[in-house]
Enquirer: 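Mind having a look at this structure? Questions to follow.
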There are 2 protein chains.
Amino acid sequence: MKTMEKVDLSDCPICSSLSIDDKEDFLLDLKCSIKAYPKNELIIRQGDVCDALYMLMSGSVKTEMITENGSLLGIEIIKAPRPLAPAFLFSDNNHFPVDVTTLQEVEIMRIPKEEIIRLMMTNPDFMKQFLTHNSNRTQFLTNRLQLLSIKTIKGKLAHFLLEQVAVNEKTFTMNRNQTELADFFGVARPSLARSLSEMVKEGIISISKKEFTILDFKRLREQLE
Amino acid sequence: MKTMEKVDLSDCPICSSLSIDDKEDFLLDLKCSIKAYPKNELIIRQGDVCDALYMLMSGSVKTEMITENGSLLGIEIIKAPRPLAPAFLFSDNNHFPVDVTTLQEVEIMRIPKEEIIRLMMTNPDFMKQFLTHNSNRTQFLTNRLQLLSIKTIKGKLAHFLLEQVAVNEKTFTMNRNQTELADFFGVARPSLARSLSEMVKEGIISISKKEFTILDFKRLREQLE
DNA sequence: TTTACAGTGTAACAACTGTTACACTTTTAT
DNA sequence: ATAAAAGTGTAACAGTTGTTACACTGTAAA
């Protein structure tokens, strides 16, 4: 493993529990392979078989789902270090449910399923972290479900904005452009732009570049009703 | 455990791997409790803390999510034996994401989290089954996400109907009424009724009581575009 | 059997979103 | 610096869905 010295798993949600010694064993013993991909490349297709754990070691990717009618539904942006779709490794129908596209140059480590099982059996903390991470992913999906079930675009925006701003804050930096946010909401881009400009016109929010500011929390919450 | 003789976990997606001996140990040693609930009772509320595994031993329940705007989103109907929301047991924010309401009289076994961890550490097959079941649940949620992202009601119906009918079949029995199906789709009931009657009028499907028949697969698939 | 009540069919209208098109601005690449 | 591409603002119109209301039917309880 030539790139081993670059690897830092201490921030990884499922590997951080491994002690230094464990990590060395982990990396030395592990029957894994690392592969690099360029920017803006579709590296996993919806439907591909998922028979190993893919760990994003560096860079970032986005995941999106293609609906049967051909339209896109953005799911999330994933930054290293984090496993990709670990929940599907053990499912009876072990196919990726999403497309994965690189946003930067990335390195991805492929760890065979058997190795993951071995790690879990020998390392209780790893097992708990793996379970917790999958649970958190499920919670993320549930939240996504809730967002999609809101019927109006302004309602979705209110849900999204109220979730983004930290407690006692009223400003945050948007890390998506309008097209990506529209995909995330599952709506058309001009429709999102219309709702945004209306909310600005009504004095509920203000936008300058990537900075969003909430001007009127009360009326923003009213959009949810 | 007085109700032990009634218990049959051989069909349970996460317990069926336990051998007879294991099962006896499982049930005898397990620090668990069983509780019965009447029909049509709300037994778990969205937001309740989830610090144990709740196993539905007999009967059936439905799960639904309450959107911030107050509308319902039906999630699924669960029949015994199956665990309820096992994915959330290990999440950092361990709260139930849904309301659970009984559809019949039910019995529910409560197994403390520590017991589940112990079982997984001592029983590899149980661990794999637990992982697989959670993976399958995630896949279910992903499918649900896909359904919700379809924008037209006829498109949702097409997706749903094509998924329900078995291969080489054209008829199936609907186990939801119109109101429940509308909640499942996240749409208004009269809107669903309109779409249904239009598709009947157009000769794509026919409905009599709970029996749905697909008359024209080609045009049904076209609804997805 | 009669009486409720849940479930369904339907209609008119309001509200919202999608589509398409184009001008304009900002960023990126050469 | 300049050209190309990506991102944004906006408008008109069509299409779909939500809302509300009410009649009708089937089903379960008294």
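Side chains included, hydrogens not; waters and symmetry mates left out as well; all remaining heavy atoms used. Lettering follows sequence order; numbering is per chain, from 1. No experiment lies behind these values; they were computed from the predicted model shown.
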Enquirer: Going by the salt bridge (Lys or Arg N to Asp or Glu O under 4.0 Å) test, name the single residue among A/K62, A/R82, A/R144 that passes it with A/E76.
Expert: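 Single salt bridge (Lys or Arg N to Asp or Glu O under 4.0 Å) partner of A/E76 among A/K62, A/R82, A/R144: A/R82.
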Enquirer: Quick check against the 3.5 Å criterion: does A/T63 have a side-chain atom that pairs as donor or acceptor with the backbone of A/V100?
Expert: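 Not a single qualifying donor-acceptor pair exists.
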Enquirer: Check if the side chain of A/R189 and the base of D/dG9 share a donor-acceptor pair of N or O atoms closer than 3.5 Å.
Expert: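 Answer yes: a donor N or O sits under 3.5 Å from an acceptor.
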Enquirer: In whole angstrom, give the distance that lies between atom NZ of A/K151 and atom P of D/dT16.
Expert: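 For the pair A/K151 NZ and D/dT16 P, the rounded distance is 19 Å.
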Enquirer: Grab the NZ-P distance between B/K156 and D/dT16 for me, whole Å please.
Expert: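 From B/K156 NZ to D/dT16 P: 14 Å.
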Enquirer: Calculate the interatomic distance between A/L181 atom CG and C/dT17 atom P; express it in whole Å.
Expert: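 Nearest whole value for this atom pair: 14 Å.
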Enquirer: Send over the distance from A/L157 CG to C/dT17 C1', rounded to a whole Å.
Expert: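 My rounded result for the distance is 13 Å.
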Enquirer: If you look at every strand shown and take non-hydrogen atoms under 4.0 Å, does A/S191 touch a base, only sugar-phosphate, or nothing?
Expert: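 Base, at least one base atom sits under 4.0 Å.
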Enquirer: Between C/dG18 atom C1' and B/I153 atom CD1, what is the distance in whole Å?
Expert: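 Checked: the CD1 to C1' distance equals 15 Å.
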Enquirer: Should A/Q178 be listed as having a side-chain N or O under 4.0 Å from OP1 or OP2 of D/dG9?
Expert: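 A/Q178 to D/dG9 OP1/OP2: side-chain N or O found under 4.0 Å.
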Enquirer: Considering only residues two or more places apart or on different chains, which pairs with a residue in residues 40-53 of chain B satisfy side chain to side chain donor-acceptor pair (under 3.5 Å)?
Expert: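 Of all non-adjacent pairs touching residues 40-53 of chain B, those that pass side chain to side chain donor-acceptor pair (under 3.5 Å) are B/D51-B/R110.
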Enquirer: Does any residue of residues 192-214 of chain B have a heavy atom under 4.0 Å from DNA chain D, and if so, which ones, in number order?
Expert: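 Result for residues 192-214 of chain B: B/R194, B/K209, sorted by number.
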Enquirer: How many whole angstroms separate atom CG of A/L103 from atom C1' of D/dA6?
Expert: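 Rounding to the nearest Å, CG of A/L103 and C1' of D/dA6 are 15 Å apart.
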Enquirer: Starting from P on D/dA29, measure out to CG on B/N40 and report it in whole angstrom.
Expert: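 Distance check: B/N40 CG to D/dA29 P gives 11 Å.
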Enquirer: Tell me if a side-chain donor or acceptor on B/E180 pairs with a main-chain N or O of B/N177 at a distance below 3.5 Å.
Expert: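 Checking the backbone N and O of B/N177 against the side chain of B/E180, a donor-acceptor pair under 3.5 Å is found.
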Enquirer: As a quick check of understanding, evaluate side-chain contact (heavy atoms from CB on, under 4.5 Å) for B/L157 and B/M199, giving each step before the final call.
Expert: CA-CA 10 Å; B/L157 274 170; B/M199 286 171 78; 3.8 Å; yes
Enquirer: For the pair A/F212 and A/F172, name the ring-plane relationship: parallel under 30°, tilted 30 to 60°, perpendicular over 60°.
Expert: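 Correct class here is tilted.
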Enquirer: What integer distance in Å separates A/D183:CG from C/dG18:P?
Expert: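 Checked: the CG to P distance equals 12 Å.
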